[in-house]
Amino acid sequence: MNPIDIIIKKKNKHELTREEIEYMVNGYINDEVADYQVSALLMAICLNGMTFEETYNLTDVMLKTGDILDFSDVEGIKFDKHSTGGVGDKVTLALLPIVGSLDIKAVKMSGRGLGHTGGTIDKLESINGFNVNLPEDRIYDNLKNIGIAISGQTKNLVPADKKLYSLRDVTGTVDSIPLIASSIMSKKLASGADIILLDVKVGSGAFMKNLDDARLLAKTMVELGKRYNKKVIANITDMSTPLGYNVGNSLEMIEAIKMVKGEIDNDFSKLVIHFSSHIVSLAKNISMDEAEKLVIDSIKSGKAFNKMQEIVKYQDGDVNYILDVNSFRKAKNIILVKSPKEGYVDEIDALKIGEISCRLGAGRLKLGDNIDFSVGIELLKKPGDYVNKDDVLLKIHSNFDDNTTFINDALSAYKFSDKKKDLVLIFDTIS
Ligand code: URA
C-alpha cells in the first residue's frame, strides 16, 4: 500500500477500504505519511465525498487512535451533548444542571472558542476560580458525587482528530460532511456516554449554510451512533441569528444562570427545555411531554439552580458569581446602538455579530490568545420585533475607547422589513 495510490483512488471517486483508511490515518499520526499527502486526500474527500461505510471506517479508525473513556462502574445513564457551533450558543451551560438535577449523569468534554464561535469552557472560566482542567480522579469523583463533571478535552481523546482538524483548518477542508461527522462522532463515542444529543446548526453563523446539508450531516451522525448501540438524537436548529440575547463570555454565563432560575423565556430557553426533555425522555424511557414536565418542575422548584451551584462549587468556582450576577467583571464602556429606521427586524447576521464579539476580545483569532470575559454584545431587539427609529437595537460592551467600527459593523448585521418574519427555531429532529 502507498499514499499516492490511495489519493488517486479517492480522486477517481472510488471507495476506500478500511485498510487504506487505517494506513493513511495511523500513518499520519505516527509521522509515516506526510501532511501534504494527507492534505491531498482530505481535499479529494471534500470534493468527492465518502460512502457511509467509508465514513464509518474513518470514524472507527480515528476513535481507536486514543482512549475510550469508561465510566460504566458509576451507576446510571450518562449523556453527552454536542453542538456544531454557533453564536450565542450557551445551551450546555444551562442544560447540564437541569438534566443533572434529574439524576442523569454526564462527563462533558467541551472546547474553547475559536473564530466567531464561542466555547463552553471559556464561558465557564468567566466564573472566578472555575477549574476546567480537573485531573481524572476528580472528574471521576465529581461524576460519582454530583453526577456532572465538565472538562476541557483530555490529551489522549481521539488524537487523530486533533491532528487532522488542525490540518483541515489550514487546507480549506473543514466543510465536508463525512469529515465533520467522523470528527464529531469519534469524540462523542470516545466519551463513553449512553445517550448523545446533537445540535446541528444551520445558517450564516454555522458550518452548514443550507438545510439539505444539515439534514445529511445529522442523519450520518445518528447512523454512526447506532452502529455503536448508542441512543442518538439530532436536532437541526437555526443559526442565522444569534441564540438568545447575549454574545460574549460573562454575558452568556449570566443569561444561562437566569435561564436555569426560570427568569427568561426566549429562543434560548425554549431550546434548552426542548433538548433537556429529549435527554430525560430517552434516559427515563418516558414521553417528551412527561419529560418536559420534569424539566420545568426542576427549574421552577429551584432544583436545577441548586445543581448549578453544586457544579460550580465542585469545580472550585466562586459560587457568589451564581448567587449574584453583579459579581461578573464588567466592560469599561457600554455603547447603545440605535435603530436608523422603523420597521420589523428581519435578520441579525449571526456571523457578523460573532465576528464583532471576537474582535472586541471575547474570542480568539488563534489558539492560545487571551480573551476578555467582560466584553460582548447584548441584543435588545431580535427578528420579529418591531422597532421605531432611535430605539436601542443592541448594546456593545467594550474595553476600547473608539468603538466607531464596531457600531457600524453591528448596524450592518441588522436587516429591516415592513412585514413580520415567521421564525423557525427547530427545523427537524432525526433519531
Ligand atoms: N466540530 C468538530 O468537532 N469537528 C468538525 O469537523 C467540525 C466541527
Side-chain angles (χ1 to χ4, degrees), residues 21 24-25 28-29 38-39 41-47 49-50 54-63 65-66 69 80-87 89 91-92 108-122 150-191 193 196-210 213-222 224-225 230 232 234-237 239 243 350-351 354 358 363-364 367:
I21 292 170
M24 291 300 279
V25 172
Y28 182 47
I29 58 171
V38 179
S39 304
L41 180 65
L42 290 170
M43 186 55 83
I45 293 171
C46 256
L47 298 175
M50 276 184 143
E54 282 178 300
T55 310
Y56 163 69
N57 281 324
L58 177 59
T59 308
D60 199 55
V61 168
M62 285 168 67
L63 171 66
T65 59
L69 303 179
D80 201 350
K81 179 235 161 222
H82 184 85
S83 157
T84 57
V87 179
D89 185 358
V91 167
T92 298
K108 180 77 187 84
M109 306 257 173
S110 288
R112 294 197 179 273
L114 189 61
H116 73 277
T117 60
T120 299
I121 290 294
D122 294 327
I150 308 165
S151 163
Q153 238 157 57
T154 57
K155 276 204 189 74
N156 207 30
L157 198 94
V158 197
D161 181 62
K162 284 201 185 80
K163 217 169 158 184
L164 284 169
Y165 195 84
S166 307
L167 191 60
R168 286 168 57 206
D169 211 18
V170 293
T171 54
T173 53
V174 171
D175 59 344
S176 147
I177 289 173
L179 295 179
I180 297 176
S182 53
S183 163
I184 293 175
M185 287 308 286
S186 58
K187 286 175 290 197
K188 292 297 104 183
L189 293 162
S191 75
I196 301 170
L197 182 125
L198 301 166
D199 181 8
V200 178
K201 300 284 188 199
V202 62
S204 76
F207 281 116
M208 296 292 117
K209 306 289 182 204
N210 70 66
D213 284 350
R215 281 203 180 100
L216 184 58
L217 176 63
K219 216 167 164 343
T220 307
M221 292 197 288
V222 168
L224 285 172
K230 304 285 183 190
V232 190
N235 285 277
I236 299 170
T237 68
M239 190 31 74
L243 185 65
L351 179 59
C358 183
R364 43 177 83 75
L367 274 174

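Heavy-atom basis, side chains included; hydrogens, waters and symmetry copies ignored. Both ligands and their constituent atoms are indexed starting at 1 by order of listing. On a predicted model such as this, the values are computed, not experimentally measured, just so you know.
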Quick one: does any side-chain atom of Asp161 pair with a main-chain N or O of Lys163 as donor and acceptor, under 3.5 Å? no

Side chain Lys108, main chain Lys81, donor-acceptor under 3.5 Å: yes

Short side-chain donor-acceptor distance under 3.5 Å, Asp213 and Asn210: yes

With a 3.5 Å cut-off and no angle check, do the side chains of Thr237 and Lys201 form a donor-acceptor pair? yes

Protein contact of [atom] - nearest heavy atom, named by residue and atom, plus distance:
| atom | answer |
| --- | --- |
| atom 8 (C) of ligand 1 | Phe207 CE1, 3.4 Å |
| atom 5 (C) of ligand 1 | Tyr165 CE1, 3.3 Å |
| atom 3 (O) of ligand 1 | Lys187 NZ, 2.5 Å |
| atom 1 (N) of ligand 1 | Ile184 CG1, 3.8 Å |
| atom 4 (N) of ligand 1 | Ser183 OG, 2.6 Å |

Any nitrogen or oxygen of His82, side chain or backbone, less than 3.5 Å from one on ligand 1? no

If you look at every heavy atom in Lys162 and Leu157, which pair is closest and at what distance? NZ-O, 3.4 Å

